[in-house]
Every structure is written in structure tokens, then in C-alpha cells.
Amino acid sequence: MDVALADEVERRRNLAIISHPDAGKTTLTEKLLLYGGAISQAGAVKAKGEQRRATSDFMELEQQRGISISSTVLSYEYDGKQVNVLDTPGHQDFSEDTYRTLAAADNAVMLVDAAKGLEPQTRKLFEVARLRRLPLFTFVNKLDRPSLSPYELIDQIEAEFGISCCPLLWPVGSGDRFRGVLERGARRVHLFARGERGKKAEEAAVVSLDDDRLEALIGDGELYAQLIDDVEMLDGLTDPLDLDRLKRGEQTPVLFGSAMTNFGAQRSWRGGAVPRRRPTPLLAAGAGDEETVEPTSEDFSGFVFKLQANTDPKHRDRIAYVRVCSGRFEKGLKVKHSRLRGQQLTLAQAQTLLGAERSTLDGTSYPGDVVGIPFSPGQMAIGDTLYTGSRRISFAKIPSFSPEIFARCINPTPSKREPHLLPEPPPPPFFLEAYKSFNKGIEQLLNEGAVQQLLERGDTGGGVPILAAVGPLQLEVVSSRLSSEYSVEVQYEMMPQTQARWAMAGWEEVDAVLSERKLLNVKTLEDVYGRPVLLFTSGWTLDNAVAEVGERLQLRPYALAPDVQERRRKK
Ligand code: G4P
């Protein structure tokens, strides 16, 4: 048993904050860093204003990417633990990266705006957290503003997500009448004092529920009476905290507070609720296999969850972000690459990312950390496993998420698309060069997972690629990279569809349903593995299809890449 490794594994806590834009993720992250005594902040949180301005302009896009690279991981120490916060970009930068980052997280903190409740992006991200069975903590933010009733918020989470809520902190009032939070376990109330922005705020007082002075300190008879009712109601209505259910993603501890005014966030830290309950990552070794790799295993293993290119416009660099799953990672480590059939690579240029002092001092990263590995084209793809040791392993796949934007990607030299069909005389060589560059570029970007590709049914190559993205930024990245790296200017022809479902029942069933005229206003495409994908123009047509033929066609919002064997059979 390698005691030093086991200690480091035990010290690591890793989480991603998921939220709808403006719920307060940046503010909460800042407060966590503040209370944790940030080790490295890399200006990432502060750079947010610039991040927001990301537009289609190439330079700004570069700038935006430069910022998001520095904010891939933020680390700080808390109570002897190293907490790694994986950044999940929001809003305009919303893309598949966000989903993939969750694949590298051990825990998720769902941030909810107390006035708005669940919002579209919270819902999407929750689905991913559920798919990965991440333990989920809920932080209801902005209680210092007029809010929905806490019961309403909890009901919403339970009804929509089918997850049981266990409030650890409970609000006393909201908006101008926000008086503090009840810490249910300890049966005491933390009274709220509006703190100076950006500074640590001390609570006005911490008073036991049984203290006779409590009503006077709250200073609002109605709120006091409500609090006493709430205590009883909650004990009767909610289940006690059950760590096993939390680890299985069936129960979520709920905290109420106000990140901006420093309230509630520091409570959750002091109580250690978020960082202490990190389960051992459960990662399947080999598709469909329930086997796991213990983080304390001495052999190194990790997987690529994010790729970024041209972070420095002066150098054509590409960086793969690898989440360390077991063993130790040090610069110069010789690893094997599972997709490249165990080919050996020496990771001489690897960077430990914003690690804790201890890990950067000796240059070592441990399970739960993230390392950045420069690579050459084709070498790394999303989901690749790197490992040492004699046994070839491959971690569970990262699902591609349901795209909502579809565009035909037009080659700038369309008539040269199929050169063998060209009339005489043959086109000048530079046309063919541009044609080849386009194909090469698209292939490379698809390989890296920058976007997904769909095809017209029966397309055996040579057709116009249809790019499917979760967010518009993905398409911008593709066109700017094709332009800067492959010198081709693409045109997009946007398609009207906004929803996609994979029909896992296969083509035969899809054709049957189509011939029975049970599916109207639907476009049928196939994915790169030849599986049917149905596109819908609205949530309404999709809901209809789900109600009519959802079960029969086994409609799914995403699909995992099939096993290598299956893929071969298809071809
Ligand atoms: P995001 O990263 O999730 O997009 O949200 P961010 O932290 O940027 O917060 C969005 C807005 O909500 C910010 O206001 C922020 O100050 C505010 N906010 C965050 N937490 C709280 C809270 O607990 N209470 C209140 N009242 N407001 C909160 P902004 O006006 O957009 O920006 P700023 O000028 O305050 O920086």
C-alpha cells in the first residue's frame, strides 16, 4: 500500500458548479476561493466580463478561449483538503465542453436562483449530472432578494428531477426580510448581517433554536412563528441525510443562502458539506463493464475530457485536458494510449494545472487533479484513456449530448467536391488543395470532438457534412479554426430544426413508423455510425413524436459511440 498516494487521494475533492447563467456561479466561486484561501485563481473569475463579450469576431474568440483555458480548474485548500473546482462555462460559451467537464467531476453543485427556480440550463446540466450519477449538492442563491417559497423550490426540484431533497440550511425570510438561515442538524440559527461586498462577513450571531432571545433577535414575530412551524414541518416532511443515497445521486442536500453577501456559502464550507463527501470515482474499465479503477492503484490512468487548440495565437498549440484517475502523474511520464492500441507516448511537455502547492512543489498530480498535455493532430480525442502498467484499460465513454443547432457546412469549392466527377479539363491544383484542406480540417475537428456530424441518409461520403452543435460557439470555433489552421472559409447553411433524438430501435422500425404516417414534420438523418437520428423543428413536434412513438422507436436525446466491434460490423 502506497501510503503517500492514499493520503493525497484522500485529500482531494473535486466538484463542478452547474447553473443557468446569472444564477451566481462566478460569485459563489469567488466566495469559495475567498473562504478557502485560494491557491491559484489565475484571474479566471475576474476575467468573466471579457468572457461575456465573446462574439463571432475571431480575435475575441481567441481571447475568450485564452480565458477559458486558464479557468479550467481552480484549486484551493480547505481544512487540509485540496478542492478542485472544474469550470463549466455558461451562456454564450455553452457547448459540449460543459457536458464533458462534468465527466471529469466527482461531485456537482447545482446553483439555483431563489427567485427563478429551475431554469433551462440547470435542467440540461442536471440531466448530465444524473447520467454520470454524480452526488449533487444544491445551493439556492440570492435569498437577500425576494424569493420563491423554499417549499416551492424544493417541490420543484423533487417533482422535476425525481430526487429527494434534504435541506441542511433553511432560510428565515427572504429579500428585505431575510434574517438568516437555520442549520437544521445543529438546531441553531445563523443571523444575517449584510456584508461588505467581496469581503468575508461574520454572522451577526449564532443562536440556538431553544434560546429565549431568538425571537427578539430575528425581530419579526411572523418570521419567528414561521421558523418554528418550518422546523416541525421539515422534520416530518423530509428524509434525513443518507450518504449512500447522496452518492447514488438519489438525494441532494440543499443549502439556502446568498453568495453575494457571503451568507450560506461559508456555512456550507465550514460544515464541510460540499467538499467532504467525495465518493471514489466509479469508472468502468472496458465498455459495459462494471469494473472500476481504484484511485489508489499505483499505475497511472486518466482520460481526456477536453481539447483546446490555438490557446496562444502565436503558436499552433493543442492541449488535451486529462483527468487523473489513479496513480501519480509527473512530467515526462511514459504512458500508453488505449485508442492507439497501447502505443507509448512520453509526456515531456505536460503541465500540472493550478495544482496545490504540494502537488506543484514536487510537480506531481494525483487522482482528482487535471493535467494539460500538448499534442499533435490526431493524437488525442475526447474520451481517450492514457495509462501505465501492463493491462490495457479504457474508461467509460463520454456521451455526445443532444445537439440543438444544425448547419450544413459548405465547402468553399463546392464544384470540386467530388473531383473524380469533374468535367475535363481538370481543375487547377489549388482548387483541389482547398478541397482537400476542407476535408482534412473537418475530419480533424470532428475527431477532436469540436462538433458532432450527421449525414443525409445513405451518404457514403462526399455529401455536404451536417454539423450538429449544442451551442453556437461550437460552430464559430469550427469556422475560425478552419480559417486559421486550414485556410478555408466555410459557409454555414442553418437548418430550421432545434431538437434531435436518436431512434435506438433502428431503421426498420423508423421506416415502419414513417410508412404508417405516424411521424410528421420530421427530418431523418443518420449519425456517423449509420444510426437513425430524427430532427424536429420544435419542442411541440418532438413531444408529439415522443407521445406517439417514443417507446416504439426508443427515442434518446443522445447516444454513446458504439463499441469498436459493432462499428466494424456496420462497415
Ligand atoms: P453567473 O456566473 O452564474 O452568470 O452569475 P454571476 O456570479 O455573474 O452573478 C450574476 C449576477 O447576480 C451578478 O450581478 C451578481 O452580483 C448577482 N448575484 C450573485 N449572487 C447574488 C446574491 O446572493 N444576491 C444578489 N442580490 N445578487 C447576487 P450583476 O449585476 O450581473 O453583476 P455585478 O455588477 O454585480 O458584478
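Owing to the predicted nature of the structure, the values given are computational and were not obtained by experimental measurement. As the structure lists them, so they are numbered: ligands from 1, and atoms in each ligand from 1.
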- prompt: Which is it for Met260 and ligand 1 at heavy atoms under 4.0 Å: side chain, backbone, both or neither?
  reply: both
message: Is there a side-chain contact between Phe161 and Arg123 in this structure, where contact means two heavy atoms from C-beta onward sitting under 4.5 Å apart?
response: yes
field: Polar proximity ligand 1 side, Ala259 side, N/O cut 3.5 Å exclusive
entry: yes
task: Please determine, by modelled atom types, if Thr541 and Ser538 share a side-chain donor-acceptor pair under 3.5 angstrom.
output: yes
- prompt: Of the non-hydrogen atoms in Asn14 and Gly368, which two are nearest, and what is the gap between them?
  reply: ND2-O, 3.1 Å
- request: Could you list the atoms of ligand 1 found under 4.0 angstrom from a heavy atom of Asp22?
  value: 1 (P), 3 (O), 4 (O), 5 (O), 10 (C), 12 (O)
message: Out of all atoms in ligand 1, which are within 4.0 Å of some heavy atom of Ser258? Include the element for each.
response: 22 (C), 23 (O), 24 (N)
- request: State, with a plain yes or no, whether a side-chain heavy atom of Glu404 is found less than 4.5 Å away from one of Val470.
  value: no
- line: A student checking ligand 1 against Lys25 at a 4.0 Å heavy-atom cut-off should list atoms 1 (P), 2 (O), 3 (O), 5 (O), 7 (O)
- request: Look at the side chain of Arg501 and the backbone N and O of Arg556, then say whether any donor-acceptor pair between them is shorter than 3.5 Å.
  value: no
- prompt: Is Pro21 close to ligand 1, meaning an N/O of one under 3.5 Å from an N/O of the other?
  reply: no
task: Would you mind finding which of Asp113, Ile17, Asn141 brings a heavy atom closest to atom 20 (N) of ligand 1?
output: Asn141
For ligand 1, the portion of Asp144 having any non-hydrogen atom under 4.0 Å away: side chain
field: Side chain proximity check, Arg100 to Ile382, heavy atoms < 4.5 angstrom
entry: yes
query: Do ligand 1 and Gly257 have nitrogen or oxygen atoms that lie under 3.5 Å from each other?
result: no
query: Is there side-chain contact between Thr138 and Ile157, with heavy atoms separated by less than 4.5 Å?
result: yes
